[in-house]
Amino acid sequence: WAKAEGRGRWAVYDPERSAADIARSALAAGLPAALDRDEFVVHYQPIVSLLDGAMLAVEALVRWRHPELGLVGPDRFIGLAEETGLIVRLGEWVLGQACRDARAWHRDFPAQPLVVSVNLAARQADDPAIVDTVAGALSRTGLPAELLQLELTESAVMGTAGEPLRSLRRLAGLGVRLAIDDFGTGYSNLAYLRRLPIHCLKLAGPFVEGIRAEEPDAPVDHRDERIVDALVRLAHALELSVTAEAVETGAQAERLRALRCDTGQGRWFGPPMPAEEITARLRGGEAAA
Ligand code: C2E
Ligand code: MG
Ligand code: MG
Ligand code: MG
């Protein structure tokens, strides 16, 4: 037993837990300096048309090139950055980098307009200054607003006060696209869908995971497929496009296409990759045209 902060409160002493906590706080403590030292890098994952395989967009996914740990994924530090508030500066950096890269692609490959999709943390979306931040990134880089998409989770959209965020209207007013990330895993208070200018739903991985090719002998649970079918119909009735996340097999891609999903993202189409590899794909697309 060990005495926790606060008088009279006791916590179970767990050496493994506290080792993990120490590692966590060490990582958190290193975040601000890492931003100053330029240790973050943005990778991009293709978002592909399920109709013809064309790469229509890329999602910007941040990584930390940690001097000792190597490439650290966002699941290990985005939560920390949200808790400490650093997410506002980090998110602004990712947005700027993504807009710069997308602007260069648009300049070099004008025949293949590529949307760049950037994640907004709840804390960023909740701050009214986000509208100026986004407008500033667009004007500094010269990226056309319609080539930027912002991804928010359902809980971020609902804001801390449980009210759909007003700044989303102003963001949409800039001409950027808004997407709901991990759709189906949050509150699913669908009322916001008709009150806000949303352009795209990104269907969460777990639903996509349940989508498999028909196997004639094996008993198949069709519930995930029926959910995807219903969500796609709902989205299309509201004139939203649908991106399926975490597409890992060709069979999934085929089923999702049959279910009328518009685009897919996942290892089947390519993992998150450095900007140069996206450039190489665009060059390949140019050669094919
Ligand atoms: P997300 O926005 O839902 O991003 C999709 C995640 O799915 C990415 O994880 C991606 O690498 C992963 N993924 C890609 N293909 C597959 C697949 O075939 N199967 C499966 N199961 N997963 C796949 P990643 O890169 O580790 O990012 C994790 C989360 O961190 C993101 O989830 C997003 O919520 C957050 N994140 C990443 N970059 C940023 C950022 O710049 N700002 C903020 N606020 N959050 C970020
Ligand atoms: Mg996302
Ligand atoms: Mg997602
Ligand atoms: Mg997510």
Side-chain angles (χ1 to χ4, degrees), residues 31 34-35 39-48 50 55 57-65 70-102 115-127 130 133-134 137 148-157 177-186 198-212 224 231 242-253 256 261 263-275 277-278:
L31 281 169
L35 195 53
E39 286 176 3
F40 293 98
V41 61
V42 181
H43 283 187
Y44 297 92
Q45 185 170 35
I47 298 175
V48 167
L50 290 173
M55 180 169 67
V58 289
E59 178 172 2
L61 294 159
V62 68
R63 275 94 181 86
W64 181 0
R65 269 183 313 217
L71 205 61
V72 177
D75 285 335
R76 285 183 63 191
F77 62 83
I78 287 289
L80 294 172
E82 294 204 46
E83 285 164 32
T84 61
L86 190 79
I87 191 68
V88 175
R89 263 178 72 211
L90 177 59
E92 195 168 341
W93 179 82
V94 172
L95 177 70
Q97 185 63 43
C99 288
R100 267 194 303 282
D101 286 334
V115 169
V116 70
S117 196
V118 177
N119 293 283
L120 280 194
R123 195 146 172 171
Q124 289 175 277
D126 220 8
D127 181 354
I130 187 66
T133 300
V134 171
L148 177 63
Q149 173 167 280
L150 300 172
E151 300 189 6
L152 299 101
T153 60
E154 294 175 275
S155 44
V157 164
R177 297 162 49 92
L178 299 176
I180 305 298
D181 203 355
D182 304 335
F183 185 72
T185 60
I198 308 290
H199 298 76
C200 173
L201 298 184
K202 297 191 74 175
L203 289 188
F207 297 123
V208 176
E209 207 185 307
I211 305 282
R212 295 202 181 79
D224 282 319
L231 292 179
V242 181
T243 300
E245 298 187 36
V247 181
E248 295 179 348
T249 68
Q252 283 176 326
L256 289 161
C261 268
T263 48
Q265 173 182 357
R267 284 197 283 277
W268 175 253
F269 299 109
M273 56 188 85
E277 291 182 34
I278 298 295

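Ligands are counted one by one from 1 in listed order, and the atoms in each one are counted from 1 as well. The structure presented is a predicted model; accordingly, all values stated were derived computationally and were not measured.
For Gln265 and Thr243, the side-chain atoms include no donor-acceptor pair closer than 3.5 Å.
Taking only nitrogen or oxygen atoms, main chain and side chain alike, Ala246 does not reach within less than 3.5 Å of ligand 1. Considering backbone and side-chain atoms alike, Arg63 places an N or O below 3.5 Å from some N or O of ligand 1.
Every residue two or more places apart in sequence or in another chain that forms a salt bridge (charged side-chain N to carboxylate O under 4.0 Å, His left out) with Glu39 is listed here: Arg37. The salt bridge (charged side-chain N to carboxylate O under 4.0 Å, His left out) test applied to Glu248 returns Arg267, not counting sequence neighbours.
At the Mg ion (ligand 2), the angle from OE2 in Glu59 to OD1 in Asn119 is 90° when rounded to 10°.
Within the structure, ligand 1 lacks Lys202 among the residues with a heavy atom less than 4.0 angstrom away. The closest approach between a heavy atom of Leu90 and any atom of ligand 1 is not below 4.0 Å.
Contacts between Gln265 and ligand 1 below 4.0 angstrom, taking non-hydrogen atoms only, are absent altogether.
Near Glu248, the atoms of ligand 1 lying under 4.0 angstrom from a non-hydrogen atom of the residue are 17 (C), 18 (O), 19 (N), 20 (C), 21 (N).
Not a single N, O or S atom of Glu245, from either the backbone or the side chain, sits less than 2.8 Å from the Mg ion (ligand 2).
Among Arg267, Gln252, Glu245, His43, the residue whose heavy atom sits closest to atom 5 (C) of ligand 1 is Glu245.
Judged by distance alone, the side chain of Glu245 and the main-chain N or O of Asp182 form a donor-acceptor pair under 3.5 Å.
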